[in-house]
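Only heavy atoms go into these numbers, but all of them, side chains included; no hydrogens, no water, no symmetry mates. In this text, all values refer to a predicted model and were calculated from it rather than measured experimentally. Order of listing sets the numbers, starting from 1, for every ligand and every atom in it.
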Amino acid sequence: MHNNRTTITQFIIEEQRQIKGATGDFTALLNDIVTACKVISNLVNKGALVGVLGSADTSNVQGETQKKLDIISNEVFIKSNEWAGHVAAMGSEEMDEVYQIPAQYPRGKYLLLFDPLDGSSNIDVNVSVGTIFSILRCPDGVENPVEKDFLQPGTKQICAGYALYGPSTMMVLTTGRGVNGFTLDQNIGEFILSHPNLRIAEETVEFAINMSNSRFWEPPVKRYIEECLAGKTGARGKDFNMRWIASMVAEVHRILARGGVFMYPLDSKSKDKGGRLRLLYEANPMSFIIEQAGGVSTTGRERIMDIQPSNLHQRVPVILGSKQEVERMIGYHREMG
Ligand code: AHG
Ligand code: MN
Ligand code: MN
């Protein structure tokens, strides 16, 4: 039985065979990303035993205090991906500027964007965290990519994925041909295809939002949540359940597994910044995965993957998940402005 198990490497190679003219570069890049996630998984798993928990007492470009593991995971991702000649440049939540490939290494044809450790406020309390990544093509003729070369709408992504460091470590990927999930077998050090062709239930009675922000919300969001809370006795005529993990990777994973809606909408607190979550390395890759699994992802006013980015660390409102509920939210935004 064990010989029939599909490893992530085998899966990627078989996918590559379907793509005309593929050179193997993309397969090799994904392999390096997988390696980075295995290293991060190992560190997250060992936690206090290897002294990686706690604050680093530094801030990133977004003004957020960095955890030691934010910085270490960023380092791991860079080191795993800079040497092999598949990547032309990288962008990360934890780096102010575009990361140029050091001169001693060849440059590749891909741009790699990542959130090395998502949900890092959870790290010290031993709750799930993750890594999110997005792969774009480096524009033709560009030898030294700069910020503007990364400013491509989400529809241009050629691959997006996340690793979830939870009770088991998982990797979930899309290359635009559906969504597949892999579970890390710690004994052999390989991700094994465990969740083929993930699909999101169109209906749901579960929502995820940080309720402590409710007084800052806009009317369409207030209306939607009020109706959910009113349950059976209100306009919706059914009871809803709520979750908030504060780790987008874990929330998106739950939605892939059993449906739901996840929202970090525009609110008066984050309006000046454009929202809470980052477009290029959080919202876009997650939107690609959600759409590929049959869900919907929007700001409330436009499809996230259609947004023309204006800067590397741009933030956007995010509402994603089960089709019927997200479409209802889009309707409320249309009606209520
Ligand atoms: P990060 O740890 O990479 O900064 O991202 C955390 C994000 C996201 O994963 C989560 O949904 C949200 O921020 C949580 O925000 P609140 O703490 O405001 O609930
Ligand atoms: Mn994040
Ligand atoms: Mn992060």
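- By the 3.5 Å distance cut-off applied to N or O atoms, G119 is counted among the residues near ligand 1.
- Residue contacts with ligand 1: M248 is placed with a nitrogen or oxygen under 3.5 Å of a nitrogen or oxygen of the ligand (distance criterion only).
- A donor-acceptor pair under 3.5 Å links the side-chain atoms of N81 to the main chain of F77, judged by distance alone.
- Considering just the N/O/S atoms of D115, the one nearest the Mn ion (ligand 2) carries the name OD2.
- Heavy atoms of K67 found under 4.0 angstrom from ligand 1: none, in either backbone or side chain.
- E282 lies close to the Mn ion (ligand 2), since one of its N, O or S atoms is found at a distance under 2.8 Å.
- Residue contact check for ligand 1: N213 places no non-hydrogen atom closer than 4.0 Å to it.
- For L117, every heavy-atom contact with ligand 1 shorter than 4.0 Å involves the backbone, none the side chain.
- The nearest N/O/S atom of D118 to the Mn ion (ligand 2) is OD1.
- Screening T35, I12, D25 against L30 for a side-chain contact (heavy atoms from CB on, under 4.5 Å) leaves a single residue, I12.
- Between R278 and ligand 1 there is a heavy-atom distance shorter than 4.0 Å.
- Checked by atom type and distance alone, the side chain of S55 pairs as donor or acceptor with a backbone atom of D57 at under 3.5 Å.
- The option with the heavy atom closest to atom 14 (C) of ligand 1, from among A208, A246, G130, is A246.
- Residue Y281 does not touch ligand 1, judged by heavy-atom distances below 4.0 Å.
- Considering backbone and side-chain N/O of W244, one or more are found under 3.5 Å from N/O of ligand 1.
- Each of E327, E227, E218, K222 was evaluated against Y332; a single residue qualifies, E227, per the side chain to side chain donor-acceptor pair (under 3.5 Å) test.
- Atoms of ligand 1 found under 4.0 Å from any heavy atom of D115 (numbered from 1 in listed order, with element): 3 (O).
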